[in-house]
Amino acid sequence: MIDRDLAVRLVVAASTRVNDHQEELSRLDSVAGDGDHGVNMATALAEAARRAEHGDQSTAADVMRSAGSAFHETVGGAAGALFGAFFGALAGQLSKAAAPDAAQLVAGMEKGLARVARVGKAEPGHKTMIDALAPAVRDARESMDRGDGLEAVMAAAARAASQGARATAGMRPSAGRARFAPDHSLGTEDPGANTVALVLESWADQLRSEVRV
Amino acid sequence: MIDRDLAVRLVVAASTRVNDHQEELSRLDSVAGDGDHGVNMATALAEAARRAEHGDQSTAADVMRSAGSAFHETVGGAAGALFGAFFGALAGQLSKAAAPDAAQLVAGMEKGLARVARVGKAEPGHKTMIDALAPAVRDARESMDRGDGLEAVMAAAARAASQGARATAGMRPSAGRARFAPDHSLGTEDPGANTVALVLESWADQLRSEVRV
Amino acid sequence: MSIRTRRFLNDPARAVAEMLEGYVAVHAGIISLRDGMVVRAVPKAEGRVGVVIGNGSGHEPAMIGWVGEGLFDVNVAGPIFSSPGPAAILRGIEAADRGGGVLLLVSSHAGDIMNAELAIDEAEDQGIDGVEMVVLYDDVASAPKDRITERRGGAGLFFVWKMVGAAAERGDSLEECAAVARKVRDRTRSLSAATGTVAHPVSGQPLGDPEDTTLSVGMGVHGEPGDRLGEDVGADEIAGLMIDRLLDDAELPAGAQVGLLLNNAGSLTLMELSVLYRGARAALERRGIEAVRSWMGPYATTLDMAGFSFAICHMDGELLELYDRTARGAGFTMVGR
Amino acid sequence: MSIRTRRFLNDPARAVAEMLEGYVAVHAGIISLRDGMVVRAVPKAEGRVGVVIGNGSGHEPAMIGWVGEGLFDVNVAGPIFSSPGPAAILRGIEAADRGGGVLLLVSSHAGDIMNAELAIDEAEDQGIDGVEMVVLYDDVASAPKDRITERRGGAGLFFVWKMVGAAAERGDSLEECAAVARKVRDRTRSLSAATGTVAHPVSGQPLGDPEDTTLSVGMGVHGEPGDRLGEDVGADEIAGLMIDRLLDDAELPAGAQVGLLLNNAGSLTLMELSVLYRGARAALERRGIEAVRSWMGPYATTLDMAGFSFAICHMDGELLELYDRTARGAGFTMVGR
Ligand SMILES: Nc1ncnc2c1ncn2[C@@H]1O[C@H](COP(=O)(O)OP(=O)(O)O)[C@@H](O)[C@H]1O
Ligand SMILES: Nc1ncnc2c1ncn2[C@@H]1O[C@H](COP(=O)(O)OP(=O)(O)O)[C@@H](O)[C@H]1O
Ligand SMILES: [Mg+2]
Ligand SMILES: [Mg+2]
Ligand SMILES: [Mg+2]
Ligand SMILES: [Mg+2]
């Protein structure tokens with residue numbers, strides 16, 4: 001079950017992980033973007049973690065909703081809008097069950113993906129965060145349908161996201177700033193896709209470590 | 001005797017010589033000044049040579065006066081004012097004789113030095129063009145007093161100017177822009193002193209070549 | 001050549017907040033800070049349309065210098081090169097409301113549009129209505145003409161800001177103001193050029209390759225790369241080439257009257273700008289186009305980018321009347337004719 | 001970091017002439033070109049004192065942007081960083097003459113003074129009289145206080161230009177205008193700071209060492225070197241240190257009112273300037289000094305130097321009255337209070 005405290009630990013884990021990789025993310029963004037993606041994501045997640053740890057949210061859904069607001073209030077930009085939308089949608093699904101579990105998480109990720117696609121008007125293959133998020137959501141759903149538990153579902157999502165992020169290197173962008181120089185970023189991975197992978201990996205690791213303990 | 005045509009050849013010789021060294025002169029000026037001395041001097045002397053070659057000056061004095069105006073009209077700046085003043089004073093002395101020779105030239109250089117010192121308010125040892133001009137004038141006077149002719153007098157002046165210019169490397173500036181960072185230019189020669197040496201050397205060479213032919 | 005990374009700041013993460021404090025302190029009679037937003041020191045008359053814009057920072061004097069009489073009511077400055085989030089834009093909409101509706105102007109960049117749309121959704125959810133949003137684009141390098149709505153916002157937005165601000169100030173309705181915005185947008189074209197790049201003040205990362213000093217034409221306001229030009233192209237040739245491309249795209253007939261903007265992207269000298277302007281005027285004359293109004297200087301910068309952009313706006317009587325009205329911002333003033 | 005040598009010019013040797021053409025074309029209602037000089041489009045009333053200045057180029061918008069109502073009558077722009085020669089200055093004096101005498105303002109730099117003196121000699125030789133010259137200096141870094149007349153001219157001349165221009169415009173006599181110039185000069189102090197250097201557009205030579213990016217305080221407007229400061233000094237600390245040095249030199253009592261100028265030497269971002277301004281205001285407050293007027297922006301630049309200068313002018317009633325009068329130049333406008 002994803003309770004309030006686990007949600008807090010997930011947000012903190014994501015913040016730590018992205019913070020550790022922020023320079024790499026900014027460097028990726030500097031190739032055809034404006035070089036701030038690592039700073040944006042680290043800043044928003046640090047604020048999300050701060051709110052989660054010091055806040056008075058009483059449910060996992062509240063924690064995720066407040067993380068979404070942190071994106072919308074602290075960074076803005078493309079990724080701020082999109083990650084904020086993702087966390088907001090996730091929160092909406094988590095709030096549908098008193099004791100949310102893998103089912104609500106996967107439904108939340110699906111809703112989040114749909115909202116990101118709607119707000120950003122990008123499709124798979126456009127070299128954006130969607131190219132990590134879409135396979136992650138798909139594999140998470142498959143894993144859950146096979147009857148896997150939360151840990152395995154998240155591990156499957158993280159693996160797929162990571163593969164998806166790697167694959168963006170070969171794509172030509174048609175959304176986001178990078179689309180203005182489609183060839184410029186050939187060979188370089190999309191920063192937002194990498195953030196998706198990092199966040200999901202940090203969640204998979206967190207869940208794995210909790211099961212082991 | 002310094003007739004109109006010789007004066008024209010002297011101005012042209014100076015222009016060619018300084019033009020060949022203009023990058024070096026600008027480089028010297030860039031150490032503690034604004035890096036334009038070579039351009040300034042080459043521009044003014046090119047205009048002086050143009051006027052001399054195409055002008056309707058009828059005497060050597062007219063040629064030198066028009067060279068002085070070229071400095072005052074085309075470049076300005078510190079060296080423009082000072083070299084303009086020097087050529088003006090030289091012209092004044094040349095105009096005192098129908099057939100000016102070494103005596104008028106040396107007197108003209110003395111007047112020129114005095115005027116440069118008055119306008120610039122600098123003294124020997126201040127790391128300026130005066131540190132080339134003052135020894136040149138002194139040795140030219142000595143040479144003439146020994147009974148030397150025009151060629152030898154100018155050779156003596158050129159030698160002294162050149163030594164004087166070299167010696168400015170060891171000086172700390174107390175005039176001109178360079179004075180604001182007295183230590184900055186230690187080890188670097190003064191650009192204006194080098195221009196004086198180049199001009200006098202070009203004149204000595206010109207006179208020597210004319211005697212030989 | 002490489003780029004300057006040593007900046008005169010305190011904590012870079014606080015640079016935008018401290019900039020706003022310093023900037024409003026210099027211009028205390030014109031603007032003030034409210035809730036982190038730049039607002040007019042003397043609010044617009046009640047019942048008029050409020051004009052608000054949210055945008056990334058690093059483009060100063062745009063847009064913080066464009067709050068004032070005849071210009072914007074509120075500017076919501078986001079982080080460097082990043083649109084503010086929906087919550088901040090919503091606060092801006094509320095602060096700009098003088099009872100006559102609010103026009104939210106959005107420069108067409110993915111992040112700006114998304115955050116603005118999310119803010120408008122939020123406003124609707126909260127029962128705030130009378131909010132209209134117009135997305136603005138002008139940069140001919142960013143998409144072909146048959147996909148003109150995919151173009152991004154560039155320096156030509158100058159003309160939209162100026163004329164919409166004037167329309168709102170004189171009392172035009174929300175629909176009229178929005179119509180002015182769309183009309184000016186559709187008659188405006190811009191194109192930029194730069195050599196080298198700049199470093200992001202917070203991450204320290206250069207935008208693009210710092211060693212590449214090729215002259216490129218068509219780059220974006222956040223350093224998005226453009227096409228390369230040979231090394232020895234002079235100012236007249238560059239200006240001519242750019243003006244031709246703008247005129248071709250706009251399909252202006254000979255005899256047309258335009259407003260001409262030459263925007264300094266950051267560190268160009270006024271000497272270079274003036275020489276380029278001279279080249280542009282000659283290029284316009286060759287095509288029989290008259291520059292009836294001109295503005296030259298730093299307007300929408302990209303930090304200290306060594307670049308510039310030209311924009312032309314096809315004028316008519318209505319637009320000239322709006323252009324010539326008084327405007328008093330901290331970074332842009334025009335004494336009405 | 002090194003410096004930008006690729007400039008947007010045609011033939012660099014013609015850059016100043018082409019700049020003047022372009023600049024007056026943008027600002028046709030305010031200035032025009034006569035005989036290579038920038039003159040007012042609408043001359044000052046007959047019988048008033050003409051104000052003229054000759055200076056090197058590369059400092060734009062100073063001084064070409066300061067010709068206009070309430071400012072200069074004529075600006076004689078010399079080559080880059082080089083005073084014009086005596087012949088040109090003399091033509092400027094003649095062009096500025098409206099029958100009330102002419103005030104020639106000279107920023108204290110060796111070349112400027114020499115050429116001005118030669119021009120005045122020439123004027124006397126030609127029987128032109130009623131010409132007064134005032135040499136201006138303000139840069140505390142360039143000489144100790146007991147040799148104050150050896151100091152060079154810096155960005156603080158802003159205050160002199162502004163107030164002398166106002167005095168001449170309202171009809172003060174030649175002696176009165178000269179007295180204002182000396183009074184403002186004696187109450188003004190400036191100090192500059194920069195990191196890195198710039199290249200001379202014509203020779204391509206950098207001023208000083210292009211690889212040296214140390215922050216230096218006290219450099220001159222032509223890139224003359226100053227003192228070095230450590231790498232990690234933040235904006236507040238730099239501003240505080242500079243303001244303290246200005247106040248110590250001026251020996252202002254607590255409670256004094258000053259005009260505060262923050263001048264962009266070229267390529268500083270408005271973000272950095274605003275943060276520095278905020279730091280300066282805090283430093284003034286710590287000393288009990290009130291900044292009653294402020295101006296921030298590019299005024300006297302050194303091409304695209306990444307630097308700035310602070311200047312303070314000790315105000316009194318007379319100076320405030322002059323400062324607040326209307327001025328309309330292409331590069332500086334003030335709407336009178
Ligand atoms: N329209 C879009 N749809 C989906 N993702 C997008 C879109 N635009 C941008 N992104 C994602 O956002 C990332 C860039 O984020 P960031 O650098 O933080 O924002 P900005 O582009 O505003 O500077 C890209 O790498 C991409 O993954
Ligand atoms: N007061 C002075 N007296 C004598 N010579 C001077 C003086 N000031 C400058 N100079 C000479 O002028 C030279 C610099 O000339 P230049 O670079 O052309 O002028 P600017 O300093 O105006 O750029 C110096 O090297 C020095 O020899
Ligand atoms: Mg980015
Ligand atoms: Mg020099
Ligand atoms: Mg961004
Ligand atoms: Mg010079």
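Just so it is clear: chains get the letters A, B, ... in the order the sequence lines come, proteins before strands, and each one is counted from 1.
- Using a 4.5 Å cut-off between heavy atoms, D:Ala265 makes no contact with chain C at all.
- For the options D:Leu215, D:Val16, D:Ile238, D:Asn264, heavy-atom pairs under 4.5 Å to chain C are most numerous at D:Leu215.
- Ranking C:Val26, C:Val335, C:Asp304 against chain D, the residue ahead of the rest is C:Val26, based on heavy-atom pairs under 4.5 Å.
- Residue C:Val198: no heavy atom, backbone or side chain, is found under 4.5 Å from chain D.
- The contact list for residues 267-275 of chain C toward chain D, using heavy atoms and a distance under 4.5 Å, reads C:Ser267, C:Leu268, C:Thr269, C:Leu270, C:Met271, C:Glu272, C:Ser274, C:Val275 by residue number.
- Contacts between C:Arg281 and chain D at a heavy-atom distance below 4.5 Å involve the side chain alone, from C-beta outward.
- For the pair D:Asn10 (side chain) and C:Asp236 (backbone), a donor-acceptor distance under 3.5 Å is present.
- Contact count against chain C (heavy-atom pairs under 4.5 Å) is highest for D:Arg278 among D:Met296, D:Arg278, D:Met305.
- Contact of C:Tyr23 with chain D is made through backbone and side chain together, with heavy-atom distances under 4.5 Å.
- Considering all non-hydrogen atoms of both residues, C:Tyr277 and D:Ala25 come closest at CE2-CB, 3.7 Å.
- Contacts between C:Leu276 and chain D at a heavy-atom distance below 4.5 Å involve the side chain alone, from C-beta outward.
- Heavy-atom pairs under 4.5 Å with chain D were tallied for C:His27, C:Glu60, C:Glu18; the largest tally goes to C:Glu18.
- Against chain C, the residues from residues 323-330 of chain D that qualify, each with a non-hydrogen atom under 4.5 angstrom away, are D:Arg328 in number order.
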